[in-house]
Asks: 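Sharing a structure, written as structure tokens. Questions coming.
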Amino acid sequence: MVAKRYLITCLLLIISAQSFAQQTQKARMPEFMDQRFGMFVHFGPITLRGTEIGWSRNKEVAQADYDSLYKEFNPVLFNADNWVKAAKDAGIKYLVITAKHHDGFCLWPTKLSDYNIMNSPFKRDIVGELAKACKKQGMIFGIYCTVLDWHDKNYPIQNPYDSTKNVKGDITAFKATMKGELKELITKYDPYLLWFDGYWEKPWTNADGREIYYYIKSINPNILVNNRLGKVSEVLSNESVGDYLTPEQRIGQLNMNEPWESCITICQQWAWKPNDQMKSLKECIQTLVKTAAGNGNLLFNVGPMMDGRIEGRQVTRLKKIGDWMKTYGSSIYNTKGGPFVPNDNLASTRKGSKIYIHVFKSAGNTLTIPTLPNVVINKATLFNGEKVEVKQSGKTIQLTLPDKLPDDNDNVVILDINQDAEKLPVIKA
Ligand code: FHN
């Protein structure tokens, strides 16, 4: 009888913990999605070679060489405040650092492994200094953690390019290490979100992902966790593990029902690469706009150099994005995507009784959009207040744009309508 009562109490506790987790995460998610623009930072000893983090191990860089790079890793010009300032100057609201990537090197003084920053010549807590700088400058702080770890002897896959190097491993011990590291990261740096990655290899199961997910929520139910702990990544379902979707190196489809965030590089590689091809200002701005217009966040990646600085040309590009956001930010932050499905010519965001039409290409100075059911457009203007003529004919609306548009990257027409635009159905433009 006592055992039965004890069992029921435990079950009630777990259920209430789970529902409390869902409630608080539910509260944080809309706030997170209002931020719309984040900075992803891929950083580690591999910057000494300029090849890709994790994946160049056993490829461009021999394993023994790769695993010894930390002995030379000394980013003396690393200044967390400068990284956060570069992000803020771009209009970025949250920052996610790769505390541990697939190569297993830890950028914080973990007790779980000697393969960490305190055993490099640098001997400073990069994760800790970034967490502090973010708090000081009012930037939301997030932490990237790999699931797979090719450096950990308990993880069966030691070299993804050569299965003959696989070992028996011990996933239970591997998960214990992961839990220990997560406990350190959560209790020491209080991250707003945890960004997992590397769930795709055989040794890792959906059940493993779920176990770690509830372990995290048992420490802090508020923490948001992306959908890369489990094995299901395309949808949010009872099967999937995680709070939001993460399309990679592409702008996600318009999705008004499930929170999503696209992670995209400002150059080509995630970690720093000398002379890596960088996206143009127009491409950067239109990538952000099309993501927001699809109702998603953009996590924009930079790879700082081996000396700890973010390349000057990337800082300049970010600043110019910030200049654009200074004018047009209200058409991005705290808005919803739609009602028009983005295409090569236009995209739209909306807030209250305003619809922001983002014009990428227009036929001459006329832009045609589909009529919005039962909607009256009270006024149409550019952001600088210039009037835009509206003519409705049949199923379409013609907007007559000024001959000279104020912005080369993306011009925004504000439609003031007679109702809450956020309640309008999605329409193909
Ligand atoms: O393998 C990683 C890659 O290095 C990078 O971290 C990206 C970022 O989302 N994710 C993985 C590739 O899918």
Side-chain angles (χ1 to χ4, degrees), residues 32 37-61 63 66-67 69 87 92 94-107 126-127 130 142-152 155 157-161 178 181 185 191 193-204 209 224-235 240-252 259-273 276-277 279 287-288 291 296-304 310 314:
F32 173 58
F37 195 19
M39 176 186 269
F40 213 174
V41 184
H42 279 66
F43 190 52
I46 192 55
T47 49
L48 290 162
R49 289 284 179 280
T51 56
E52 186 57 294
I53 191 167
W55 297 97
S56 63
R57 185 175 178 266
N58 284 302
K59 206 160 173 213
E60 297 93 332
V61 182
Q63 184 167 319
Y66 193 120
D67 295 354
L69 288 171
I92 281 169
Y94 62 101
L95 181 148
V96 181
I97 176 69
T98 53
K100 182 182 171 185
H101 201 270
H102 309 334
D103 56 27
F105 186 74
C106 301
L107 294 180
I126 290 174
V127 177
L130 269 175
I143 294 177
Y144 169 112
C145 302
T146 185
V147 167
L148 65 86
D149 177 350
W150 299 317
H151 185 270
D152 186 316
Y155 187 75
I157 298 178
Q158 298 288 297
N159 172 352
Y161 307 112
M178 187 187 282
E181 290 171 349
L185 292 169
L193 65 92
L194 288 170
W195 212 98
F196 287 93
D197 201 7
Y199 56 88
W200 49 81
E201 293 188 333
K202 261 231 195 81
W204 190 256
L224 293 182
V225 177
N226 73 343
N227 70 327
R228 295 191 183 198
L229 253 183
K231 306 292 273 191
V232 181
S233 64
E234 293 314 314
V235 293
S240 70
V241 178
D243 307 325
Y244 60 98
L245 301 170
T246 53
E248 176 169 315
Q249 292 291 42
R250 64 183 170 83
I251 297 169
W260 63 274
E261 171 203 68
S262 276
C263 54
I264 296 176
T265 50
I266 193 171
C267 292
Q268 307 306 309
Q269 206 172 261
W270 294 98
W272 178 71
K273 178 180 175 184
D276 199 3
Q277 189 198 334
K279 290 179 172 63
T287 299
L288 173 59
T291 303
N297 284 8
L298 173 65
L299 187 61
F300 211 36
N301 182 80
V302 298
I310 298 175
Q314 293 184 26

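Throughout, numbering of the chain's residues begins at 1 and tracks the sequence. Atoms within a ligand are numbered from 1 in the order they appear, just like the ligands themselves. Bear in mind the structure is a predicted one, so any value in this text is a computation, not a measurement.
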Asks: Applying a heavy-atom cut-off of 4.0 Å, say which part of Q269 lies close to ligand 1: side chain, backbone, both or neither.
Replies: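 The answer is neither; Q269 stays 4.0 Å or more away.
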Asks: With a 3.5 Å distance limit and no angle check, can you tell me whether W204 reaches the backbone of L229 through a side-chain donor-acceptor pair?
Replies: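 Yes, the answer is positive, given that a donor and an acceptor are paired below the 3.5 Å cut-off.
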Asks: Strictly under 4.0 Å, does any heavy atom of Q249 approach an atom of ligand 1?
Replies: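 Heavy atoms of Q249 never come under 4.0 Å of ligand 1.
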Asks: State, yes or no, whether a side-chain contact exists between M178 and C145 at a heavy-atom distance under 4.5 Å.
Replies: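 With C-beta onward as the side chain, the pair stays apart.
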Asks: Could a heavy atom of G54 be found less than 4.0 Å from some atom of ligand 1?
Replies: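 Heavy atoms of G54 never come under 4.0 Å of ligand 1.
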Asks: In the protein, what heavy atom is nearest to atom 6 (O) of ligand 1, and what distance, to one decimal place, separates them?
Replies: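 Of every protein heavy atom, H42 NE2, 2.7 Å lies nearest to atom 6 (O) of ligand 1.
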Asks: Would you mind checking which non-hydrogen protein atom is closest to atom 9 (O) of ligand 1, with the distance to 0.1 Å?
Replies: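 So the nearest neighbour among protein heavy atoms is E248 OE1, 2.9 Å.
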Asks: Would you check, one step at a time, whether the test salt bridge (charged side-chain N to carboxylate O under 4.0 Å, His left out) holds for E181 with K100?
Replies: CA-CA 10 Å; E181 290 171 349; K100 182 182 171 185; 3.0 Å; yes
Asks: Under 3.5 Å, is there a donor on one side chain and an acceptor on the other for N58 and Q63?
Replies: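 Result is yes, a qualifying pair exists.
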Asks: Hey, what's the ring geometry for H102 with W55, parallel, tilted or perpendicular (30° and 60° as the breaks)?
Replies: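 Aromatic pair H102/W55 classed perpendicular.
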Asks: Are any of the heavy atoms in E52 under 4.0 Å away from ligand 1?
Replies: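 For ligand 1, residue contact (heavy atoms, under 4.0 Å) with E52 is absent.
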Asks: Test side chain to side chain contact (heavy atoms under 4.5 Å, CB included) on Y161 and R57 and set out the steps.
Replies: CA-CA 9 Å; Y161 307 112; R57 185 175 178 266; over 6 Å; no
Asks: Any atoms of ligand 1 less than 4.0 Å from a non-hydrogen atom of R228? List them with their elements.
Replies: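 Under 4.0 Å from R228, ligand 1 has these atoms: 9 (O), 10 (N), 13 (O).
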Asks: Quick one: does ligand 1 sit under 4.0 Å from the side chain of W200, the backbone, both or neither, non-hydrogen atoms only?
Replies: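 Within the 4.0 Å criterion, W200 contacts ligand 1 through side-chain atoms alone.
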Asks: Mark yes or no for whether Q269, through its side chain, and G50, through its backbone, hold a donor-acceptor pair below 3.5 Å.
Replies: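 Confirmed, Q269 side chain pairs with G50 backbone.
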Asks: Before we go on, tell me: are the rings of H42 and W195 under 6.0 Å apart, centre to centre?
Replies: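 Ring centroids of H42 and W195 are no less than 6.0 Å from each other.
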Asks: Could you tell me, atom by atom, which parts of ligand 1 come under 4.0 Å of a heavy atom of C263?
Replies: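 Those of ligand 1 that fall under 4.0 Å from C263 are 9 (O).
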Asks: Pairs of nitrogen or oxygen atoms closer than 3.5 Å, one from W195 and one from ligand 1: do any exist?
Replies: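 By distance alone, the answer is no.
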Asks: W55 versus ligand 1: do any nitrogen or oxygen atoms come within less than 3.5 Å of each other?
Replies: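 Yes.
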Asks: Which of the numbered atoms in ligand 1 are below 4.0 angstrom from a heavy atom of Y144?
Replies: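 Heavy-atom distances to Y144 below 4.0 Å select 6 (O).
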Asks: Would you check the N or O atoms of D197, main chain and side chain alike, for any that come under 3.5 Å of an N or O of ligand 1?
Replies: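 Yes; the residue has a nitrogen or oxygen that sits under 3.5 Å from a nitrogen or oxygen of the ligand.
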Asks: So do the side chains of N226 and E261 get within less than 4.5 Å of each other, counting heavy atoms only?
Replies: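 Heavy-atom side-chain distance check fails, nothing below 4.5 Å.
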